[in-house]
Amino acid sequence: MDGKVWLALGTVIAVGLAIAAAVLLVRVFAARRLLVDAGIPLRDKALFWAAVIYTVSPLDLIPDPVYLDDIGLLLLALHAAAGAVRPTKEPGAVA
């Protein structure tokens, strides 16, 4: 393959990763409201913020053109935070 094909392939991969990162960033900010809830343990809140800091830090396990480690850590933190949320009763619901 010549240089133009590699450039096109690299561009497609970079755009795909940027879209995935943008979607994940939207989910991170949406999950922020979960952290305001007092029922979430401090461990899950700390994991969430550690994942956000790791994502924006220049230090990575895998070099930055590949966001797999960042995305994986954020997904783990979001999953832990969502799992820690206790469902609330609807007003007027019978227990």
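Trp6 and Ile13 fall within the same hydrophobic cluster, where Ile, Leu, Val, Met, Phe, Trp and Tyr residues are linked whenever their side-chain heavy atoms come under 4.5 Å apart, directly or through other members. In the hydrophobic clustering of this structure, Leu78 groups with Val52; members are Ile, Leu, Val, Met, Phe, Trp, Tyr whose side-chain heavy atoms approach within less than 4.5 Å, directly or through other members.
Across Thr11 and Leu7, no two heavy atoms sit closer than the pair OG1-O, 2.7 Å. Between Ala80 and Leu47 the shortest heavy-atom distance is CB-CD2, 3.8 Å.
Every residue two or more places apart in sequence or in another chain that forms a side-chain contact (heavy atoms from CB on, under 4.5 Å) with Leu75 is listed here: Leu24, Arg27, Ile71. Shown here are the side-chain contact (heavy atoms from CB on, under 4.5 Å) partners of Val12, two or more places apart in sequence or in another chain: there are none.
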